[in-house]
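The block underneath contains the structure these notes are about, expressed in structure tokens.
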Number of protein chains: 2
Amino acid sequence: MLASQLLLRPSVTASDRLLLAIQEAIVEGEIPAGSKISEPELARRFAVSRAPLREALARLERCHLIERIPNAGARVVTLTPEKLISLYQLREELEGLACRLAAQYMADDEIQELQALLDEHLRTQRVREGESYYQEAGDLDFHYRIILGSKNPYLINILCDELYFLVRMYRVQLGMNGPRVSRAFDEHKAIIHAIANRDGELADLLMRRHIGASRQNIALQLQQTR
Amino acid sequence: MLASQLLLRPSVTASDRLLLAIQEAIVEGEIPAGSKISEPELARRFAVSRAPLREALARLERCHLIERIPNAGARVVTLTPEKLISLYQLREELEGLACRLAAQYMADDEIQELQALLDEHLRTQRVREGESYYQEAGDLDFHYRIILGSKNPYLINILCDELYFLVRMYRVQLGMNGPRVSRAFDEHKAIIHAIANRDGELADLLMRRHIGASRQNIALQLQQTR
DNA sequence: AGCCCTTCAATTGTCGACACTTTTAAAATA
DNA sequence: TATTTTAAAAGTGTCGACAATTGAAGGGCT
């Protein structure tokens, strides 16, 4: 469910719940990309006042899902190929770094868990052929663990809390579940292998290629669509 | 003044002004690192209600200057050597990327302006020997322009709006203005040269070294302090 | 004395109302 | 009819007050 940042929170406020609900609605396209957000309307819909709603909107802006203009209101972001490329450029760099650090700082048992996770995903994947949801959940989980393994708090915050909802939004709304399934698994395996060998440089390189391949895949899809 | 994200805003609200004021107070150490933030107290101090104050606090959390715990309140972040290293690791990666992209996307006149800026800083620096404020302002300005030159909106947002206040806070409070002045100028010149030659790879490498040198400088200073 | 429970004050989260701004729509003029 | 002006409607920003939660002080127990 990707609620990593909420699992640690002792008490959940209304604005926390709102954030999750609206995030999901935007990512899934229920609130369409580019549409205007009306505070009174959303407040009615979720049966809360505008105070916690505005708190939630502030946090939605933080993860780039909406854009606000003072005195004019908020809009859901519009998705463009250019922005998507920008996003993947960043991911290549940041997740490459995450791999290098993870190879250095992850505990042995964390690496073993990661390996076990991949095996399980492989089995699940075989059973549910074609169901992209599990594939995506597995993929995100894989990336999450490595990012957390970097132990760099700023890096973790940027990737997990700010950029990954955008990544999901693009995947869902542009239908990026592609035919890269089995190849992605092999790439994941190679990356884990490098981390297990404490070869940060190699893990870095492999992750950059892994994400770079996705980026080119996207570029191709976009080109074909035209 | 580093108010880049505010210059474009049509109308300035109370929470905008609050954000700037509190940011400055935290960066300069007037509100001490690690101290608890009392909403009623701050609201009185700035003569506003808690609504715009809370909006400002949400944005301060976004740039990592405060940490909030639901129902418990907000604290100014504490500075640690480990976090500072984490921050510089990120900067190396992100500003390296920024250089590579800037070499590709900056317009010719933007590069010329950048060059002129550096010359001017050099002159100003000679006049005001030892005054670290101008040196820092110049340094930040230099980095800003290259980041903006990358034309990658997510990269720009993360570096300029989220991480640079933290960088300033560390510089001010740990007194990081060091003896690297003249050497930094040479490094800046080399980076611009690479960008002007549209050599992204080289600019990337040089920027990583430039920031890496600062990082090692910091590590040394911290070691000596003990 | 030390620890746990209760009570109370202080702080945070939420609410409804008001002030100001922007946008929309109608009216007036050319 | 097209354009500008004006007025109303909707929406955002801010305020003060109430409700819910937390942290601390005090009292009771072992």
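The chains referred to below are lettered A, B, ... by the order of the sequence lines, with proteins before strands, and numbering in each begins at 1.
- Listed by chain and number, the residues in a salt bridge (Lys or Arg N to Asp or Glu O under 4.0 Å) with B:Glu67 amount to none (sequence neighbours excluded).
- Residues from residues 31-43 of chain B with heavy atoms under 4.0 angstrom of DNA chain D: there are none.
- Defined by atom type and a distance below 3.5 Å, a donor-acceptor pair is present between the side-chain atoms of A:Thr13 and A:Asp16.
- One can place CG of A:Asn71 at 16 Å from P of C:dA19, the figure rounded to the nearest angstrom.
- For A:Glu93 and A:Arg215, the salt-bridge test fails: no basic side-chain N is under 4.0 Å from an acidic carboxylate O.
- If you check the side chains of B:Ser150 and B:Arg100, you find no donor sitting under 3.5 Å from an acceptor.
- Between B:His143 and B:His210, the ring-plane angle classifies as parallel under the 30° and 60° cut-offs.
- Summarising the geometry, the separation between CD on B:Glu61 and P on C:dG13 is reported as 10 Å, rounded to the nearest angstrom.
- Using a 4.0 Å cut-off between charged nitrogen and carboxylate oxygen, A:Glu162 and B:Arg62 do not count as a salt-bridge pair.
- Listed by residue number, B:Arg50, B:Arg54 are the residues of residues 46-56 of chain B with a heavy-atom contact under 4.0 Å to DNA chain C.
- Look at CZ on B:Arg68: it is 10 Å from C1' on C:dG13, rounded to the nearest Å.
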Checklist entry - Do A:Arg91 and B:Tyr154 pass the side chain to side chain donor-acceptor pair (under 3.5 Å) test, and can you show the C-alpha distance, the side-chain angles, and the key distance before you say yes or no? => result CA-CA 10 Å; A:Arg91 279 189 66 201; B:Tyr154 302 117; over 6 Å; no
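- When the C1' atom of D:dG11 is taken as reference, atom CZ of A:Arg75 falls 14 Å away, rounded to whole Å.
- Ion pairing of B:Glu39 with B:Arg44 is absent here, as no side-chain N (NZ or NE/NH1/NH2) approaches a carboxylate O to less than 4.0 Å.
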